[in-house]
Amino acid sequence: MTDGDRFQELESIAGVAIDHDVLERAVTHRSYAYENGGLPTNERLEFLGDAVLGVIVTETLFRRFPDLPEGQLAKLRAAVVNMRALADVSRSLGLGEYLRLGRGEESTGGRDKSSILADALEALIGAVYYAVGIEAADAFVHRLFDPLIDDAARRGAGLDWKTSLQELTASHMLGVPYYEIGDSGPDHEKTFTAQVRVGGVAYGSGAGRSKKEAEQQAAEEAWNRIRESANGRVGEPAADDAD
């Protein structure tokens, strides 16, 4: 597939025509740039896209839920805009196959790495905004994230998964959730991981750019697992711990 074909497919994903130089930058990871003489990376577009995504989602929540207080709106936004959600959307678009990665990232599965995929999606949103404007970016974001907003709104527990998990485990007398935290990467770009255990058994894990985000994701996974197993199998552990 030629570069021209790739860029046309990316334009189809974005839903608008975008200058190919901008698209090329949007999919250029720093690992590729550093190995090829310091080319421009997608980090500036990612910075722009992160802000655009945040504004559009925040305004959507503000208008759709006029009775929710600020704290609950913030939690709902966090349930929609986080690294795992962005990475999942990116995977659904097949964005990983268009990335320009260095040899190291390529060899270690960078095309499916959540942090890289999330950043690439933000860069593509930034590219749409930069090249075409806010109306196109707004349409793109709504197409991708409205289903996530609807899903999070239906699940009231998602406003605070840690609290919801604690209430659920208490109601089933399973014990108090305990979170094990880890981190990786340089200080300016750490990725945090969390695993939640109840009664010494692992029920969920998560990752994010903050400890709070990682814990919330782990709590969400554990909450869903425990709820799903409630009919006759309350407290079934994650597969890794079911010996």
Side-chain angles (χ1 to χ4, degrees), residues 1 3 6-16 18 22-35 39-54 56-57 77-130 137 140-149 151-152 182-186 188-194 204-210 212-214 216-218 220-221:
M1 183 185 297
D3 285 344
R6 290 181 182 275
F7 294 144
Q8 286 181 358
E9 290 185 2
L10 281 170
E11 287 178 319
S12 178
I13 289 171
V16 292
I18 302 174
V22 177
L23 283 175
E24 184 175 39
R25 183 173 300 187
V27 296
T28 300
H29 188 257
R30 64 177 179 277
S31 62
Y32 181 92
Y34 295 161
E35 289 182 10
L39 299 173
T41 75
N42 64 1
E43 290 177 349
R44 282 173 54 85
L45 285 173
E46 173 205 337
F47 171 79
L48 179 61
D50 175 69
V52 172
L53 174 63
I56 294 173
V57 170
R77 180 178 59 192
V80 174
V81 181
N82 58 68
M83 185 175 69
R84 187 173 67 173
L86 266 64
D88 286 345
V89 170
S90 191
R91 289 187 183 98
S92 74
L93 298 175
L95 201 54
E97 66 181 275
Y98 301 98
L99 298 178
R100 304 170 84 194
L101 300 176
R103 291 185 296 274
E105 287 292 354
E106 190 76 71
S107 66
T108 57
R111 293 188 185 278
D112 194 49
K113 189 177 292 185
S114 291
S115 59
I116 292 177
L117 289 173
D119 291 346
L121 180 59
E122 289 179 334
L124 184 57
I125 293 170
V128 172
Y129 173 80
Y130 175 77
F140 186 40
V141 168
H142 278 291
R143 173 158 58 88
L144 298 181
F145 287 89
D146 276 0
L148 297 182
I149 293 173
D151 184 59
D183 63 73
S184 61
H188 68 282
E189 195 176 351
K190 279 190 179 297
T191 295
F192 292 90
T193 59
S205 61
R209 295 175 184 175
S210 67
K212 180 178 179 180
E213 182 179 340
Q216 287 287 338
Q217 289 184 16
E220 177 185 2
E221 184 175 295

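Computed over heavy atoms, backbone and side chain alike; hydrogens, waters and symmetry mates excluded.
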Say you draw a straight line from [atom1] of [X] to [atom2] of [Y]; how long is it, rounded to the nearest 0.5 Å?
X      : Y      : atom1 : atom2 : result
His142 : Ile149 : NE2   : CD1   : 7.0 Å
Gln8   : Ile13  : CD    : CD1   : 12.5 Å
Arg100 : Thr28  : CZ    : OG1   : 4.0 Å
Asp183 : Thr193 : CG    : OG1   : 7.5 Å
Phe7   : Ile18  : CZ    : CD1   : 11.0 Å
Tyr34  : His29  : OH    : NE2   : 9.0 Å

Quick check: does any side chain N or O of [X] sit under 3.5 Å from a backbone N or O of [Y], one acting as donor and the other as acceptor?
X     : Y      : answer
Asn42 : Leu45  : no
Ser90 : Ala87  : no
Thr41 : Arg30  : no
Glu35 : Arg103 : yes

Mark yes when over 12 heavy atoms from residues, nucleotides or ligands other than [X] sit less than 6.0 Å from its [atom1]; otherwise mark no.
X      : atom1 : result
Arg25  : CZ    : no
Arg143 : CZ    : yes
Lys212 : NZ    : no

Looking only at heavy atoms, which two atoms of [X] and [Y] are closest? And how far apart?
X      : Y     : value
Glu105 : Ser31 : CG-OG, 3.5 Å
Ala152 : Ala79 : CB-CB, 4.3 Å
Ala33  : Pro40 : CB-O, 4.4 Å

Show your reasoning for whether side-chain contact (heavy atoms from CB on, under 4.5 Å) applies to Asn82 and Gln216.
CA-CA 10 Å; Asn82 58 68; Gln216 287 287 338; over 6 Å; no
Which pairs with one or both residues in residues 78-88 pass salt bridge (Lys or Arg N to Asp or Glu O under 4.0 Å), sequence neighbours excluded?
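Listed once each, the pairs are Arg84-Glu220, Asp88-Arg91.
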Does the side chain of Thr191 reach to within under 4.5 Å of the side chain of Met83, using non-hydrogen atoms?
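Contact flag for Thr191/Met83 side chains = yes.
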Donor-acceptor list for residues 116-130 side chains, cut-off 3.5 Å, not counting sequence neighbours:
from: Asp119; atom 1: OD1; to: Arg209; atom 2: NH2; distance (Å): 2.3

Only counting residues at least two apart or in another chain, list the ones meeting side chain to side chain donor-acceptor pair (under 3.5 Å) with Glu46.
none
